[in-house]
Trainee: 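Dropping the structure in here first, questions after.
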Amino acid sequence: MKFIRKKRLQKSLSAFLGCLLILMAASLFVPKKVEAATPYGQLKVVGNQLCNSSGQAVQLKGMSSHGLQWYGHYMNRDSINFMKNAWGANVVRAAMYTEERGYISNPSLMKSRTKEVVEAAIEAGIYVIIDWHILSDGNPNIHREQAKAFFEEMARTYGNYPNVIYEICNEPNGVSWSGEIKPYAEYIIPAIRAIDPDNIIIVGTSTWSQDVDIAANDPLPYSNIMYACHFYAGTHTQWLRDKIDNALSKGIAVFISEWGTSDATGDGGPYLAEAQRWIDFMDARKLSWCNWSLCDKNEVSAALRGGASTNGGWTDAQLSESGKFVSRNMKPVTIPTPIITPTPTPQVPTPTPRPGDPTPTPRPNQDNKITVSYEQNNWDTGSTVSITITNNSSTAIDGWVLEWDFPSGQEITNMWNATYTSSGSTVTAKNLSYNGNIGANGGSVTFGFNISHNGTNNKPSSFKLNGIVCDIN
């Protein structure tokens, strides 16, 4: 009997060890990327830019679903293909609420609806954001374990497709970045990365994903991370664009994963003039976006009118004012490089200098009344630069032009809060309509840009503002 029991024990132990080895192997398995159709291949973050597989900056534009538990039927194969082909969409977002009768109440239904959107987007050859849509549960740590299990399953199922983007907490609110949101991200991101090492991960920020500037002061230590910023045109205006520029100047990448033409309630408006300012702002910086939302709900932010088809093919009569505006702004934008035609210079004889004639020099900046600070955040062969002009004089500056020379062959790839022209190594930056005035006695203005370089990135040695030599701070 003892011998029989021993043999049974040995068999049971062998079976247990075999199962354990299988489970360990499965947990360590990282799926290889498959050859799936995508607009830009495997996405990656370079500096503060979302880039294609070759490292060139790209911009994604598309629609977010409303809550999948209520309006998931509008996001399907037919509607996704229609948005891709008729509107130019190259990304969609599956908004899977956690509370509000979402995943926590019915995980199997919510996973099924999310997978339907993901698979339809992969089949259409566009990108798809899997959105863990916290809202009333403002602290992402409330359902931290469920989030970890969910994203591990999504990564195992779809992590080998370059189409997939993970948004791990939609709109944290009532919590701080350093106290709650960053620790949550530091728990979830390694779980995803153990399975999917390189697809983009979007992390929500505090105050309903508005405080990207706060996150920029204490960024996450992982690659291919972007930070969510959400806006509604009737509520969020230039002050939020300034926060985004601040964050970009510190080197983090921002994804506008939700925005609307209404106010923050989803209703009111549409505020199309302010929405156009946001469109221009996002296009100039190649900020990717998803508009809220693809549904026929009776609210201004809904893209569809009541009773519109769930399968695409929408005419203008079936689109809301918001839907018409957004769909027409979804096509990829090419911002042309300005071509400067030089004005012919009349041939004037050069006078022979007389002994004692002084050599003309630029007007000095008396008493350091104008200062320029030049801060850069470098990576590989690129850099993000922030320039601040400070007016210490007793007279306001109404309209400004700043000139400098790049000493190392640098080239600007895009600029925000100013326009620019280049001629050889000389760059001329000019104010926009809203920031031309620099107040007296310490008033300042900041603009920024990205540059490419050959590995040497020396700072300019001098600046002139409106022809006056500036002090460098």
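Along the sequence shown, residues are numbered consecutively beginning with 1. When reading the values below, keep in mind they use all heavy atoms of this one structure, side chains included, and skip hydrogens, waters and symmetry mates.
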Trainee: Please tell me whether Y103 and Q69 have a donor and an acceptor in their side chains that are separated by less than 3.5 angstrom.
Mentor: no
Trainee: Taking atom types as modelled and ignoring hydrogens, do the side chains of E171 and H230 form a donor-acceptor contact shorter than 3.5 angstrom?
Mentor: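 The criterion, which ignores hydrogens and geometry beyond distance, is satisfied for H230 and E171.
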Trainee: Consider side chain to side chain contact (heavy atoms under 4.5 Å, CB included). Of L60, V92, I256, I129, which one does C290 pass it with?
Mentor: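 Answer after filtering L60, V92, I256, I129: I129.
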Trainee: Checking I244 against L287 for the side chain to side chain contact (heavy atoms under 4.5 Å, CB included) test, could you report, in this order, the C-alpha distance in whole Å, the side-chain angles of both residues, the deciding distance, and whether it holds?
Mentor: CA-CA 10 Å; I244 294 171; L287 294 175; 4.0 Å; yes
Trainee: Using distance alone, with no hydrogens and no angle criterion, decide if E145 and Y187 have a side-chain donor and acceptor under 3.5 Å apart.
Mentor: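 Yes, a side-chain donor-acceptor pair sits under 3.5 Å.
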Trainee: Can D213 and K243 be said to form a salt bridge (charged side-chain N to carboxylate O under 4.0 Å, His left out), step by step?
Mentor: CA-CA 6 Å; D213 53 333; K243 284 166 75 74; 3.0 Å; yes
Trainee: Relative to the ring of W132, is the ring of F150 parallel (under 30°), tilted (30 to 60°) or perpendicular (over 60°)?
Mentor: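 Tilted, since the angle between the ring planes falls between 30° and 60°.
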Trainee: For the side chain of K84 and the backbone of A124, is there at least one donor-acceptor N/O pair under 3.5 Å apart?
Mentor: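 Yes, K84 side chain to A124 backbone: donor-acceptor pair under 3.5 Å.
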Trainee: In terms of side-chain geometry, is the basic nitrogen of D245 or R285 positioned less than 4.0 Å from the acidic oxygen of its partner?
Mentor: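 Salt bridge flag = yes for R285 with D245.
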Trainee: Is there a side chain to side chain contact (heavy atoms under 4.5 Å, CB included) between Y227 and I225? Walk through the geometry before answering.
Mentor: CA-CA 7 Å; Y227 298 81; I225 301 298; 4.0 Å; yes
Trainee: Any luck finding a side-chain donor-acceptor pair between N457 and Q410 under 3.5 Å?
Mentor: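 Side chains of N457 and Q410: pair found under 3.5 Å.
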Trainee: Are E411 and S422 close enough, and set up right, to give a side chain to side chain donor-acceptor pair (under 3.5 Å), and what steps lead you there?
Mentor: CA-CA 9 Å; E411 292 185 4; S422 298; over 6 Å; no
Trainee: Look at the side chain of S176 and the backbone N and O of G179, then say whether any donor-acceptor pair between them is shorter than 3.5 Å.
Mentor: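 Yes: the side chain of S176 pairs with the backbone of G179.
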Trainee: Before giving the answer on side chain to side chain contact (heavy atoms under 4.5 Å, CB included), spell out for I202 and I165 the whole-Å C-alpha distance, their side-chain angles and the decisive distance to 0.1 Å.
Mentor: CA-CA 7 Å; I202 302 171; I165 299 169; 3.7 Å; yes
Trainee: Run the ring-centre check on Y71 versus H66 and record whether the distance is less than 6.0 Å.
Mentor: yes
Trainee: Considering only NZ, NE, NH1 and NH2 on the basic side and carboxylate oxygens on the acidic side, decide whether E116 and R77 come within less than 4.0 Å.
Mentor: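 Salt bridge absent between E116 and R77.
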Trainee: Report yes or no: does N141 contribute a side-chain atom to a donor-acceptor pair with the main-chain N or O of E180 at less than 3.5 Å?
Mentor: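 The answer is yes, because a donor-acceptor pair under 3.5 Å joins these two groups.
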Trainee: Can you confirm whether or not the ring centre of W70 sits under 6.0 Å from the ring centre of Y97?
Mentor: yes
Trainee: Considering residues at least two apart in sequence or located in another chain, which fulfil the side chain to side chain donor-acceptor pair (under 3.5 Å) criterion with Y166?
Mentor: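 Testing Y166 for side chain to side chain donor-acceptor pair (under 3.5 Å), a comparison that skips the adjacent residues, returns D196.
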Trainee: Counting distance only, does the side-chain N/O of E375 pair as donor-acceptor with the main-chain N or O of V385 below 3.5 Å?
Mentor: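 Between the backbone of V385 and the side chain of E375 there is no qualifying donor-acceptor contact (under 3.5 Å).
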Trainee: Does any donor atom in the side chain of D263 or T265 lie under 3.5 Å from an acceptor atom in the other side chain?
Mentor: yes
Trainee: Can you list everything that forms a side chain to side chain donor-acceptor pair (under 3.5 Å) with Y184? Sequence neighbours excluded, please.
Mentor: none
Trainee: Before accepting this row, confirm whether a basic side-chain N of the pair R93/D131 lies closer than 4.0 Å to the acidic partner's carboxylate O.
Mentor: yes
Trainee: Look at the aromatic rings of Y127 and Y40 and report parallel, tilted or perpendicular, splitting at 30° and 60°.
Mentor: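 Taking Y40 first and then Y127, their aromatic rings lie parallel (interplane angle under 30°).
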Trainee: Nearest 0.5 Å please: distance from the CD atom of E299 over to the OG atom of S293.
Mentor: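 Result: 6.0 Å between the selected atoms.
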Trainee: Is a side-chain N or O of N431 found less than 3.5 angstrom from the main chain of W400, in a donor-acceptor match?
Mentor: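 Yes, N431 side chain to W400 backbone: donor-acceptor pair under 3.5 Å.
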Trainee: Between W87 and F82, what is the ring plane arrangement, given parallel below 30°, perpendicular above 60°, and tilted in between?
Mentor: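 Aromatic pair W87/F82 classed perpendicular.
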Trainee: Does atom CG of N454 have more than 12 heavy-atom neighbours, drawn from other residues, nucleotides or ligands, at distances under 6.0 Å?
Mentor: yes
Trainee: Could you check, using the six-membered ring where one of them is a Trp, whether H133 and W292 have ring centers closer than 6.0 angstrom?
Mentor: yes
Trainee: Does the side chain of S257 pick up a donor-acceptor pair with the side chain of E167 at under 3.5 Å?
Mentor: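 Checked: S257/E167 side chains pair up, N/O donor to acceptor below 3.5 Å.
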Trainee: Could you walk me through whether E274 and R241 pass the salt bridge (charged side-chain N to carboxylate O under 4.0 Å, His left out) test, one step at a time?
Mentor: CA-CA 12 Å; E274 186 63 30; R241 292 192 284 272; 2.7 Å; yes
Trainee: Is the closest side-chain donor-acceptor distance between S373 and N473 under 3.5 Å?
Mentor: no
Trainee: Could you check whether R305 pairs with E321 (Lys NZ or Arg NE/NH1/NH2 to Asp/Glu carboxylate O, under 4.0 Å)?
Mentor: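 Yes.
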Trainee: Take a 6.0 Å sphere around CD of E186 and say whether it holds more than 12 heavy atoms from other residues, nucleotides or ligands.
Mentor: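 More than 12 heavy atoms, drawn from other residues, nucleotides or ligands, come within 6.0 Å of this atom.
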Trainee: Is the number of heavy atoms from other residues, nucleotides or ligands under 6.0 Å of K115 NZ greater than 12?
Mentor: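 Yes, because the 6.0 Å sphere around NZ of K115 holds more than 12 heavy atoms from other groups.
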Trainee: Take N76 and D78, measure what side chain to side chain donor-acceptor pair (under 3.5 Å) needs, and give me the verdict at the end.
Mentor: CA-CA 6 Å; N76 55 63; D78 290 336; over 6 Å; no
Trainee: Go through I279 and F281 one step at a time and tell me if the side chain to side chain contact (heavy atoms under 4.5 Å, CB included) criterion holds.
Mentor: CA-CA 5 Å; I279 289 287; F281 175 86; over 6 Å; no
Trainee: Flag the pair Y271 / W278 as yes when their ring centroid distance falls below 6.0 Å, and as no otherwise.
Mentor: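 Judged by ring-centre distance (under 6.0 Å), Y271 and W278 do not meet the cut-off.
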Trainee: Between the side chains of Q42 and N199, is a donor N or O closer than 3.5 angstrom to an acceptor N or O?
Mentor: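 Note: Q42 and N199 side chains meet the donor-acceptor criterion.
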Trainee: Any donor and acceptor pair, going by atom type alone, linking the side chain of Q56 with main-chain N or O of N52 inside 3.5 Å?
Mentor: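 Judged by distance alone, no pair lies under 3.5 Å.
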Trainee: Using a strict cut-off of less than 4.0 Å between a Lys/Arg side-chain nitrogen and an Asp/Glu carboxylate oxygen, indicate whether K250 and D218 qualify as a salt bridge.
Mentor: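 No salt bridge links K250 with D218.
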Trainee: Side chain to side chain donor-acceptor pair (under 3.5 Å), that's the test. Do T98 and D137 meet it? Break it down for me.
Mentor: CA-CA 8 Å; T98 49; D137 48 336; 2.7 Å; yes
Trainee: Would you check if there is a donor-acceptor pair between the side chains of T261 and S322 at a distance under 3.5 Å?
Mentor: yes
